[in-house]
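Working notes, beginning with the structure itself.
Note that the coordinates shown come from a computational prediction; the quantities given were computed from them, not determined experimentally. Residue numbering restarts at 1 for every chain, and letters A, B, ... go by the order of the sequence lines.
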There are 2 protein chains.
Amino acid sequence: MPDGTLKAQTADRVRTVAAMLEEEIVLGWLLPRERLVEEELAERLGVKRHVVREALAELERVGLVERIPNRGAVVRLLEPEEVRQIYSVREALETLAAEQIPLPVAPEVLAPLRALQQRHAEAVAAGDARGAFRANIRFHETLFRACGNPHLVELIQGLAQKVHGARSITAASPGHLALARDEHAAMVEALAGGDRGRLVALCRQHLGPSRDAYIAAVEARFVRPGGTA
Amino acid sequence: MPDGTLKAQTADRVRTVAAMLEEEIVLGWLLPRERLVEEELAERLGVKRHVVREALAELERVGLVERIPNRGAVVRLLEPEEVRQIYSVREALETLAAEQIPLPVAPEVLAPLRALQQRHAEAVAAGDARGAFRANIRFHETLFRACGNPHLVELIQGLAQKVHGARSITAASPGHLALARDEHAAMVEALAGGDRGRLVALCRQHLGPSRDAYIAAVEARFVRPGGTA
DNA sequence: GTCGACTGAATTGTTGACAATCTTGTCAAC
DNA sequence: GTTGACAAGATTGTCAACAATTCAGTCGAC
């Protein structure tokens, strides 16, 4: 077996398609309530319908799309209350992880973290929303992985993914991206300096802006007099 | 549409099959490393192979089975280290939830909880491991749901499910079942009495026995000199 | 006697076609 | 002008056959 990972198994393709759709949702190319037709996506992304089907099922499980039997899938619109609840759990988990990171942090954590921080900063400077999104994800993954508990990391990532649909407001906003960039720099500093209190506080602060921006946007745009959605 | 939930969609059947297999794993009918052949399961459970396939994929995501490409699925054997990590996160999350339950607890929470506690006690008395397992799950779900954050509850349930494969030791043991029964009673008491400190302590204690029993069993039975598994 | 290659059986992975279901547009009746 | 039924189109849900892969046992060479 000389290829190894070379051959693209179905499972890998499903993950790839799910990731592509996720990005399109996060970056606001696919808007809430927009229909996701299996056959159309299959053709556009160059895969079989079965692959798209599984990818949509995955995104439904994660909470990014909504699937109605015999009717198809649409990009899900997150309720403000739901977003608040998710962020409150995120805060607890990320705090927990930050408290368990051994300090002073190991160089093999710090070095890649600095590299990712820089990549994020470059993407922000270039106005590359997609690059910033990807670097941002990897930055946080690397950071929290340092806590030593992969299951905790998995939960944190899952929750972050759940609210990806609520990030199209901030994911492309230069102001928010610049703020995130600066906060990342501060986190790295706190890690390097062994200042746990600051690190934990930064992690907590870091969550606020995107949550508040989304809630404000939804309540301004979607709430109709007398209605709940 | 006069039937509503009457018609059995594929998604429902997948969930059902997954739940059946999960129970068989928890109760020790299916042992670690035991093969799970799609066609055989499809015939035994009276569904199409495609349904079994998706159910196995679901159980793989959850962490109860392991699937190797072109080779099939087997019941997964959890590493002691992994079990420790999962239980440590469970402890944190369940503590968090217990701390957020409004006290004194609402009657519409307490009443069903007492009913489930009794059902569990009856199953234990009757030596009905499956009944005890089901009542136990619903008891904890009802308890933690009272914290008001469905996403936190979902995480707690997911983690509990992840270690279901590690529960075949305690799920059928009269001693452990009796202990769980008594602890449930104490939890209800603490809830009714508004004693949050006791409730939190009980939730934490409650996790210990099954974790320790599993780790002890695995390390006694499966560790070979010089090997890691 | 041991090692390596080969063949056959078992199992999963993939595909395309068909059936069931829902939505939209049209038209007639009130 | 509005409402209801009806038909056509679009979309998902289901299935069974076929292809690809892996494993176990056997046979032959050294």
- What nucleotide, of D:dT22, D:dT12, C:dC22, holds the atom closest to the side chain of A:R71?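 Shortest atom-to-atom distance from the side chain points to C:dC22.
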- Tell me which nucleotide among C:dG13, D:dT12, C:dC22 gets nearest to the side chain of B:R67.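 Closest nucleotide among those given: C:dG13.
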Side-chain H-bond candidate by donor/acceptor type, B:Y214 with B:S168, under 3.5 Å: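 Looking only at side-chain atoms, B:S168 and B:Y214 do not form any donor-acceptor pair under 3.5 Å.
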### Message
Would you say B:Q118 and B:E122 are linked by a side-chain donor-acceptor pair, where the criterion is simply a distance under 3.5 Å?
### Response
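There is such a pair between these side chains.
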inquiry  = Quick check with a 6.0 Å cut-off and a 45 degree axis cone: is A:R130 positioned over the face of A:F133's six-membered ring?
reply    =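 Judged by the rule, A:R130 and A:F133 form no cation-pi pair.
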| Cationic tip of A:R90 above A:Y87 ring, under 6.0 Å, 45° of axis |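 Yes, cation above the ring, under 6.0 Å and within 45°.
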Open item on the list: Among B:K48, B:R67, B:R44, exactly one meets salt bridge (charged side-chain N to carboxylate O under 4.0 Å, His left out) together with B:E38. Which residue is that?
Closed with: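 So, applying the salt bridge (charged side-chain N to carboxylate O under 4.0 Å, His left out) to B:E38 and each of B:K48, B:R67, B:R44, only B:R67 qualifies.
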Tell me the interatomic distance from [X], atom [atom1], to [N], atom [atom2], rounded to whole angstroms.
{"X": "A:R35", "N": "C:dT24", "atom1": "CZ", "atom2": "P", "answer": "8 Å"}
{"X": "B:E38", "N": "D:dT21", "atom1": "CD", "atom2": "P", "answer": "17 Å"}
{"X": "A:D12", "N": "C:dG13", "atom1": "CG", "atom2": "P", "answer": "12 Å"}
{"X": "B:E39", "N": "C:dA9", "atom1": "CD", "atom2": "P", "answer": "16 Å"}
{"X": "B:N70", "N": "D:dA19", "atom1": "CG", "atom2": "P", "answer": "16 Å"}

Note to self: Checking base pairs now: Watson-Crick or wobble, both atom distances under 3.5 Å. What partners D:dA8?
What the structure shows: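 Across any shown strand, D:dA8 pairs with C:dT23.
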TODO: Please determine, for C:dC30, whether a Watson-Crick or G-U wobble partner exists with both distances under 3.5 Å, and give it or none.
DONE: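 Because both required distances fall under 3.5 Å, C:dC30 counts as paired with D:dG1.
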If a pair satisfies salt bridge (charged side-chain N to carboxylate O under 4.0 Å, His left out) and one of its residues is in residues 149-162 of chain A, list it, with sequence neighbours excluded.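 Output for this query lists A:E154-B:K162, A:K162-B:E154.
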DNA chain C-proximal residues of residues 43-61 of chain B, any heavy atom under 4.0 Å =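 Heavy-atom contacts with DNA chain C come from B:R49, B:R53.
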